[in-house]
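Here is the structure we will look at, set down as structure tokens.
As the structure is a computational prediction, the values presented were derived from the model and not from experiment. Chain letters run A, B, ... following the sequence lines, proteins first and then strands; every chain starts at 1.
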Protein chains: 2
Amino acid sequence: MAGQEIIKKPLFTVDSVLFTVHEDTLKVLMVKRAQQPFQGAWGLPGGFIDIDLDQNTDMTARRKLADKTGFTPNYLEQLQVISGPDRDPRGFSVTLAYFALVAHQSVASHIDSVEMACWIPVSKLKELTTAFDHRQIIELSRQRLKQKTLYSLLPVFCLPQKFTIGQLMAVIETIIEKPLQRKSLMRRIEASEMFEISNEKISSGGRLAQLYSLKLDANIVNFERNLSI
Amino acid sequence: MAGQEIIKKPLFTVDSVLFTVHEDTLKVLMVKRAQQPFQGAWGLPGGFIDIDLDQNTDMTARRKLADKTGFTPNYLEQLQVISGPDRDPRGFSVTLAYFALVAHQSVASHIDSVEMACWIPVSKLKELTTAFDHRQIIELSRQRLKQKTLYSLLPVFCLPQKFTIGQLMAVIETIIEKPLQRKSLMRRIEASEMFEISNEKISSGGRLAQLYSLKLDANIVNFERNLSI
DNA sequence: TGACATAGTGTCTTAAAGACATTATGTTTG
DNA sequence: CAAACATAATGTCTTTAAGACACTATGTCA
């Protein structure tokens, strides 16, 4: 067993599940594939690591997202690696999936190999022809987002820099698919010490709403308890 | 940009952080490296994926652990991917780190390229010459284990098939580095419905202790709250 | 100006963990 | 053999943070 072994290398790719919430709907960024395999099908933005451009896989994810949308996510973390001999017709494939959040913005529809980027409501995914096992990866990602939302305020990254409690509440309710007590959210906002009270308020049909923003140095706090499921 | 690009491929490896608890000490399995790079240093068991032998990266992790120890972990999950141009002198490298648990057992010291496997107390790691960034990976892993122990009963995988509450309590206390109320643990054991009460008890210096075992079909339950830190 | 809408607070209830005394049941020892 | 001791297991009160929901605050609009 000692000595040099000849080992065929698997394909290694980095893909991202970029979520946003818009009009009370959870949406995911998909690109129409310009090339084989799965030409014409919708897939996750991603690609191969470029060891001259990327310092690490996080950079690969960011670079590919920027290429296809023109913007950078507010939040990015690793989801997991999916691998197997049959998930890519070109051969044994290993994909590192990332999970990312951004405030809603229109996609710059940057032309990269004529790939078209688009926000797709996750509820509409089953009607689409999707590439590889990307449907399952999105589902995994959705569950992770939901779980993290129960014990953190991660959904702030789906909002603009200044936001109201009402907006945050709506985004959280969309993600966890449950109503949430405003009181519970306010308690967490205060306890986390992650936010600053802006000196502005905005109109929203009734009493003016206080604007909040993330502190510059804020780290995402994990609470000791989950919201009840 | 369209068309075939020539992309240099990074090295892709799978490494595992296998923990056990023995004599109230958290230990990690390390192997003495028989080859370059870092020949003679201690490193995590792992290696390259073999696309003829492995259906996926989980199998790679299991295979490499079995090669070096002769046994299979009770629990295995992905930790995270670490990547960069400088972490391996051979070039840009991508490692998928796994995190695993097993009941303590003597290592079969299986001879694979004259590599020697050994349980190292995590507190003694800083005195050792370790390969690559494996020290940091172990530290990451330790934090993940600690965190998960606060909201699950994962440490049962560090115990033999039949175990007592006292044993489980000791293992948990070793991992979280805090005392734990026996009452709290018993409540969780009951609420989780993961365990069966054996018809045996064993002596432990005082009143006989009830033996428990994991139900055959048991899934690890995640509790809604953390133990207090 | 009064109805309405949304923002924000007060406070009681509830669920699960922490603290700790008490009971149970074995082994060891005088 | 009984008393001391050790560890197991339970009872129960306290504490903490979320849920429920009524109530107050303050804006817009008819």
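Distances from the side chain of B/Ser228 to the nucleotides C/dG26, C/dG18, D/dG19 place C/dG18 closest.
Residues B/Thr164 and B/Leu211 come closest through the heavy atom pair CG2-CD2, 3.8 Å.
Toward the 5′ end of DNA chain D lies the nearest nucleotide of B/Gln167, the other residue of the pair B/Gln167 and A/Ser184 mapping further downstream. Ranked by how close their nearest DNA chain D nucleotide is to the 5' end, A/Gln181 and A/Gly205 are led by A/Gln181. Summary of the strand contacts: B/Leu208 and B/Leu180 both lie near DNA chain C, and taking for each the nucleotide with the nearest heavy atom, the more 5' one is attributed to B/Leu180.
Taking side-chain N and O atoms only, A/Arg225 has no distance below 4.0 Å to OP1 or OP2 of D/dT16. Distances shorter than 4.0 Å separate some side-chain N or O of A/Ser204 from OP1 or OP2 on C/dA7. Using a 4.0 Å cut-off, no side-chain N or O of A/Arg187 falls inside it from OP1 or OP2 of D/dA17. Within the 4.0 Å cut-off from OP1 or OP2 of C/dA17, at least one side-chain nitrogen or oxygen of B/Arg188 is found.
Side-chain N/O atoms of A/Arg207 and base N/O atoms of D/dA25 include a donor-acceptor pair closer than 3.5 Å. With hydrogens and angles ignored, a donor-acceptor pair closer than 3.5 Å exists between the side chain of A/Lys183 and the base of C/dG10.
Side chain of B/Arg225 to backbone of A/Glu224: no donor-acceptor contact under 3.5 angstrom is found. Side chain of B/Lys178 to main chain of B/Glu173: no donor-acceptor pair is present (N/O by atom type, distance under 3.5 Å, no hydrogens or angles).
Whole-Å rounding puts the B/Glu190 CD to C/dA17 C1' distance at 15 Å. With rounding to whole Å, B/Asn226 atom CG is found 12 Å from C/dA16 atom C1'. Residue A/Glu200 contributes atom CD, which lies 17 Å from atom C1' of D/dG27 at whole-angstrom precision. In this structure, B/Ile172 atom CD1 and C/dG18 atom P are separated by 11 Å, rounded to whole Å. The separation between A/Met186 atom CE and D/dG19 atom C1' is 16 Å, rounded to whole Å. Rounded to an integer number of Å, the gap from A/Glu173 CD to C/dT6 P is 13 Å. At whole-Å resolution of the value, CD1 in A/Ile202 and P in C/dT6 are 13 Å apart. We find that CG of B/Leu211 is positioned 11 Å from P of D/dA8, with the value rounded to whole Å.
Residues A/Tyr98 and A/Ser141 have side chains that never bring a donor and an acceptor to within less than 3.5 angstrom of each other. Side chains of B/Ser152 and B/Arg188: no donor on one and acceptor on the other come within 3.5 Å.
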